[in-house]
Visitor: 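Once you've had a glance at the structure underneath, I'll fire off some questions.
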Amino acid sequence: MSIFPEIIRHVPERNYGIEGLEVRVDHTSTGTVYFVSAEKEVPFPEHSHAAQWTVVVSGKCYYTANGETKTYQQGDTYFIPAGQKHQITLCAGYAEVDYVDDPKDGEPE
């Protein structure tokens, strides 16, 4: 069950095919907003994308970039520069809101 309120549950869901992961995505004229929650641990492989700013709503995650791992938890924010390769693991009970500086982020070319 998502931590987000009913108003967010009306945002379209994107299915990544990962059990226990809920991702809702809204595109704006300037970027893409993600509402992400994980019921269980979800590791994402190393990847990169446009610049991203994240607010951790609940739980914690492990973020690795440039050989350094940091833990972020409820109330923390972090910024990922455009093109920076990184890996992230979401822990069970984690939720975040992301803004990605690309209005078509994650959409097919």
Side-chain angles (χ1 to χ4, degrees):
M1 177 103 178
S2 176
I3 186 171
F4 297 108
E6 185 68 27
I7 191 172
I8 301 305
R9 291 193 291 270
H10 293 287
V11 174
E13 188 169 2
R14 181 178 293 165
N15 185 347
Y16 283 91
I18 300 171
E19 184 182 337
L21 178 69
E22 182 179 303
V23 180
R24 297 191 176 272
V25 183
D26 199 8
H27 298 280
T28 74
S29 63
T30 59
T32 303
V33 179
Y34 289 87
F35 300 91
V36 179
S37 60
E39 291 180 1
K40 63 180 194 172
E41 183 175 290
V42 178
F44 285 92
E46 185 175 67
H47 62 284
S48 64
H49 44 68
Q52 175 181 322
W53 181 68
T54 297
V55 177
V56 180
V57 176
S58 69
K60 67 180 176 181
C61 70
Y62 303 108
Y63 172 87
T64 302
N66 302 318
E68 182 181 355
T69 299
K70 295 181 179 179
T71 301
Y72 294 101
Q73 54 194 356
Q74 184 175 359
D76 290 341
T77 66
Y78 60 91
F79 179 76
I80 303 170
Q84 181 178 65
K85 289 186 178 185
H86 60 281
Q87 188 280 326
I88 190 164
T89 298
L90 313 181
C91 296
Y94 180 79
E96 70 184 21
V97 177
D98 304 317
Y99 178 82
V100 177
D101 190 28
D102 178 353
K104 297 183 188 267
D105 189 66
E107 295 298 316
E109 297 286 324

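Residue numbers run from 1 in the order of the sequence given.
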Visitor: Have Asp26 and Tyr34 got a donor and an acceptor in their side chains that come within less than 3.5 Å?
Guide: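 Checked: Asp26/Tyr34 side chains show no N/O donor-acceptor pair below 3.5 Å.
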
Visitor: Answer yes if the side chains of Thr54 and Gln52 hold a donor-acceptor pair under 3.5 Å, and no otherwise.
Guide: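 Judged by distance alone, the side chains do pair up.
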
Visitor: Give a yes or no on whether Val97 and Phe79 share a hydrophobic cluster (residues Ile, Leu, Val, Met, Phe, Trp, Tyr; joining criterion: side-chain heavy atoms under 4.5 Å apart).
Guide: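 No.
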
Visitor: Phe4 and Val36: which non-hydrogen atoms are nearest, and at how many Å?
Guide: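 For Phe4 versus Val36, the nearest heavy atoms are CE1-O, 3.6 Å.
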
Visitor: Is Phe35 close to Val57 at the side-chain level, that is, under 4.5 Å between some pair of heavy atoms?
Guide: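 In short, these two side chains do not touch, never coming nearer than 4.5 Å.
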
Visitor: Under a 3.5 Å distance rule, please check whether Ser29 uses its side chain to pair with a backbone N or O of Pro103 as donor and acceptor.
Guide: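 Such a contact is absent between Ser29 side chain and Pro103 backbone.
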
Visitor: Please check this pair: side chain of Tyr72 against backbone of Lys60, looking for a donor-acceptor N/O pair closer than 3.5 Å.
Guide: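 Not at all, since once roles are kept as given, no pair shorter than 3.5 Å links the two residues.
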
Visitor: Measuring only between side-chain heavy atoms, which start at C-beta, is Pro43 closer than 4.5 Å to Tyr62?
Guide: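 No, their side chains stay 4.5 Å or more apart.
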
Visitor: Can you name the ring pair (Phe, Tyr, Trp, His ring centres under 6.0 Å) partners of His86, sequence neighbours left out?
Guide: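 Partners of His86 under the ring pair (Phe, Tyr, Trp, His ring centres under 6.0 Å) test: His47, His49, Tyr63.
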
Visitor: Within the structure provided, determine whether Tyr16 and Glu22 are in side-chain contact (heavy-atom separation under 4.5 Å).
Guide: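 With C-beta onward as the side chain, the pair stays apart.
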
Visitor: Gln84 side chain to Ser48 main-chain N or O, any donor-acceptor pair under 3.5 Å?
Guide: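 Checked: no pair found.
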
Visitor: To the nearest 0.5 Å, how far apart are OG1 in Thr89 and CD in Gln87?
Guide: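 One gets 4.0 Å once the value is rounded to the nearest 0.5 Å.
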
Visitor: With rounding to the nearest 0.5 Å, note down the distance linking CH2 in Trp53 to OG1 in Thr77.
Guide: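 It is 6.0 Å, given to the nearest 0.5 Å.
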
Visitor: Report yes or no: do Thr71 and Gln73 form a side-chain donor-acceptor pair below 3.5 Å?
Guide: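 Judged by distance alone, the side chains do not pair up.
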
Visitor: Measure the CD-OH distance between Gln74 and Tyr94 for me, rounded to the nearest 0.5 Å.
Guide: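 The OH atom of Tyr94 is 11.0 Å from CD of Gln74, to the nearest 0.5 Å.
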
Visitor: Got a second to check how far Ile88's CD1 is from Cys61's SG, nearest 0.5 Å?
Guide: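 The distance works out to 4.0 Å.
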
Visitor: Do Tyr78 and Val100 share a hydrophobic cluster, counting only Ile, Leu, Val, Met, Phe, Trp and Tyr and linking them when any side-chain heavy atoms are less than 4.5 Å apart?
Guide: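 Yes; tracing contacts between hydrophobic side chains, which count when under 4.5 Å, links both residues.
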
Visitor: Tell me, yes or no, whether the heavy-atom count around Glu46 atom CD, taken from other residues, nucleotides or ligands under 6.0 Å, exceeds 12.
Guide: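 Buried by this count: over 12 neighbours within 6.0 Å.
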
Visitor: Is Glu107 paired with Lys104 through a side-chain N to carboxylate O contact shorter than 4.0 Å?
Guide: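 So Lys104 does not pair with Glu107 through a salt bridge.
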
Visitor: Go through the steps for Val25 and His27 under the test side chain to side chain contact (heavy atoms under 4.5 Å, CB included), then give the verdict.
Guide: CA-CA 7 Å; Val25 183; His27 298 280; 3.8 Å; yes

Visitor: Tell me, do Asp98 and Val33 make a side-chain contact under 4.5 Å, heavy atoms counted?
Guide: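 No, side chains not in contact.
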
Visitor: Are any side-chain N or O atoms of Arg24 and backbone N or O atoms of Val11, one a donor and one an acceptor, separated by less than 3.5 Å?
Guide: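 Checked: pair present.
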
Visitor: For the OG1 atom of Thr64 and the NZ atom of Lys70, what is their distance to the nearest 0.5 Å?
Guide: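 Spacing of OG1 (Thr64) from NZ (Lys70) equals 10.5 Å.
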
Visitor: Which is it for Glu13 and Val23 under the side chain to side chain contact (heavy atoms under 4.5 Å, CB included) test, yes or no, and what are the steps along the way?
Guide: CA-CA 6 Å; Glu13 188 169 2; Val23 180; 5.8 Å; no

Visitor: Hey, what do you get for OG1 (Thr30) to CG (Asp102), rounding to the nearest 0.5 Å?
Guide: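 Reported value, rounded in 0.5 Å steps: 10.5 Å.
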
Visitor: Could you check if a side-chain atom of Asp76 sits within less than 4.5 angstrom of a side-chain atom of Val55, using non-hydrogen atoms only?
Guide: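 In short, these two side chains do not touch, never coming nearer than 4.5 Å.
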
